[in-house]
Amino acid sequence: MRIILLGAPGAGKGTQAQFLMNTYHIPQISTGDMLRAAIKAGTELGKKAKEVMDAGQLVSDDIMIGLVQERITQEDCSNGFLLDGFPRTIPQADAMQEAGIKIDYVLEFDVADDVIVERMAGRRVHPGSGRVYHVSYNPPKKDGKDDVTGEDLVVREDDKEATVRKRLKIYHEQTEPLVAYYSNLAEQGVVACHKIDGTQKVDDINHQLQEILG
């Protein structure tokens with residue numbers, strides 16, 4: 001079960017990623033985590049990425065695709081994996097196709113911009129694990145505390161309105177075209193695409209995902 005999650009920042013992907021990981025026992029592949037791990041391990045790709053980053057440049061799509069290819073061969077990906085935040089652009093999606101990285105499902109979480117701005121202000125994050133809560137939609141059991149560790153939750157700089165609107169603009173310009181890209185591949189039978197109304201209750205989205213994925 002190889003899944004790509006699409007949707008603007010704040011569309012609920014993080015919450016659903018946790019649900020999918022726990023339900024289907026598949027890891028979430030974060031490009032940031034992969035980069036850090038490869039650099040720490042001193043792999044060939046890690047060394048290349050470090051050189052680029054030390055020079056203050058963006059890591060190329062070639063390196064990122066290489067890291068994804070390396071990562072999905074690991075034992076914990078034997079049941080599949082979850083990609084959230086990658087691919088971000090059409091060239092990255094093309095490169096994944098060319099590298100033969102097969103995807104089974106593309107799940108798009110659809111939420112209007114104004115709803116997202118309102119949502120983000122209520123977000124709280126556990127820095128240690130990346131677990132995401134929301135004061136209204138997905139509150140922690142104890143106000144301001146992580147359910148698992150009991151540690152303090154924080155409001156990220158990213159969740160402030162000006163930052164959110166800037167991120168939404170980038171999403172619409174760079175990443176949203178992937179919806180049409182994968183819909184096109186779905187028509188060819190290469191992948192299954194599903195659009196999910198991200199304004200539903202968390203539990204309702206959970207049930208819908210289980211119906212889609214079986």
Side-chain angles (χ1 to χ4, degrees), residues 1-14 16-21 23-41 43-53 57-110 130 167-196 198 209 212-214:
M1 192 174 290
R2 294 156 293 205
I3 302 169
I4 287 174
L5 300 185
L6 288 179
K13 299 191 304 299
Q16 295 307 325
Q18 293 290 331
F19 168 74
L20 293 170
M21 287 158 65
T23 305
Y24 297 101
H25 309 293
I26 55 176
Q28 180 177 1
I29 296 179
S30 149
T31 48
D33 290 348
M34 279 190 308
L35 270 174
R36 285 187 286 276
I39 289 167
K40 191 175 175 186
T43 66
E44 281 307 308
L45 282 169
K47 286 175 190 165
K48 281 184 192 170
K50 187 173 188 307
E51 276 177 31
V52 173
M53 288 163 78
Q57 295 171 319
L58 285 174
V59 177
S60 71
D61 290 350
D62 286 351
I63 292 175
M64 293 311 302
I65 296 295
L67 287 170
V68 173
Q69 281 183 297
E70 264 184 3
R71 177 69 183 85
I72 64 178
T73 60
Q74 291 175 19
E75 182 63 31
D76 64 341
C77 291
S78 57
N79 291 330
F81 52 84
L82 190 63
L83 279 169
D84 172 12
F86 191 87
R88 281 186 194 275
T89 62
I90 301 279
Q92 287 177 350
D94 279 338
M96 275 179 67
Q97 285 278 103
E98 285 159 20
I101 298 171
K102 189 173 174 349
I103 298 298
D104 302 310
Y105 295 95
V106 175
L107 306 174
E108 181 205 352
F109 294 88
D110 186 38
R167 289 172 71 205
L168 286 169
K169 184 171 182 288
I170 293 167
Y171 172 77
H172 292 309
E173 287 170 359
Q174 292 186 1
T175 308
E176 197 171 24
L178 288 172
V179 174
Y181 177 95
Y182 283 112
S183 296
N184 206 13
L185 287 179
E187 285 169 17
Q188 299 167 40
V190 175
V191 69
C193 288
H194 296 272
K195 182 184 252 189
I196 292 140
L209 290 173
I212 290 167
L213 301 172

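In this structure, Leu45 and Gly66 approach most closely via the heavy-atom pair CD1-C, 3.4 Å. Looking at every heavy atom in both residues, Leu213 comes nearest to Met1 through O-CE, 3.8 Å. The minimum heavy-atom distance between Ile103 and Arg2, with the atom names listed, is CG2-O, 3.6 Å. Considering all non-hydrogen atoms of both residues, Thr43 and Glu70 come closest at OG1-OE1, 4.4 Å. The shortest heavy-atom contact between Pro27 and Cys77 is CG-SG, 3.7 Å. The two atoms that bring Pro87 and Tyr182 nearest to each other are CG-OH, 3.5 Å, heavy atoms only.
Considering CG of Asp62 and CG of Leu67, their distance stands at 11.0 Å, rounded to 0.5 Å. With rounding to the nearest 0.5 angstrom, the OH atom of Tyr105 is 6.5 Å from the NE2 atom of His194. Considering CG of Leu6 and NZ of Lys13, their distance stands at 8.0 Å, rounded to 0.5 Å. Note: Lys50 NZ to Lys40 NZ = 14.5 Å, rounded to the nearest 0.5 Å. Here the CD1-SG distance, from Ile212 to Cys193, works out to 11.0 Å after rounding to the nearest 0.5 Å. Rounded to the nearest 0.5 Å, atoms CD1 (Ile72) and CE (Met34) are 9.5 Å apart.
Among residues two or more places apart in sequence or in another chain, the side-chain hydrogen bond (donor to acceptor under 3.5 Å, both in side chains) test is passed with Glu187 by none. For Asp94, the salt bridge (Lys or Arg N to Asp or Glu O under 4.0 Å) criterion is met by no residue, not counting sequence neighbours. Scanning for side-chain contact (heavy atoms from CB on, under 4.5 Å) contacts around Thr23 gives Phe19, Gln210, with sequence neighbours left out. Looking at residues two or more places apart in sequence or on another chain, you find a side-chain hydrogen bond (donor to acceptor under 3.5 Å, both in side chains) between His172 and Asp113, Glu176. Every residue was checked against the side-chain hydrogen bond (donor to acceptor under 3.5 Å, both in side chains) condition with Arg167, not counting sequence neighbours, and none meets it. Taking the salt bridge (Lys or Arg N to Asp or Glu O under 4.0 Å) definition, one finds that Glu44 meets it with Lys47, sequence neighbours left out.
Between Leu168 and Pro9, the closest side-chain pair of non-hydrogen atoms falls below 4.5 Å. The shortest distance between side-chain heavy atoms of Leu178 and Val106 does not fall below 4.5 Å. Taking the side chain as every heavy atom from C-beta outward, Leu5 and Leu20 approach each other to under 4.5 Å. Inter-residue side-chain proximity for Ile65 and Glu98 is flagged as unmet; no heavy-atom pair is nearer than 4.5 Å. With a 4.5 Å cut-off on side-chain heavy atoms, Ile4 and Val191 do not count as touching. Counting heavy atoms from C-beta outward, Met64 and Leu35 have side chains that approach closer than 4.5 Å. Using a 4.5 Å cut-off on side-chain heavy atoms (C-beta onward), Gln16 and Ile196 make no contact. The shortest side-chain heavy-atom distance between Arg71 and Asp76 falls under the 4.5 Å cut-off.
Counted within 6.0 Å of NZ on Lys102, heavy atoms from surrounding residues, nucleotides or ligands total more than 12; the atom is thus considered enclosed.
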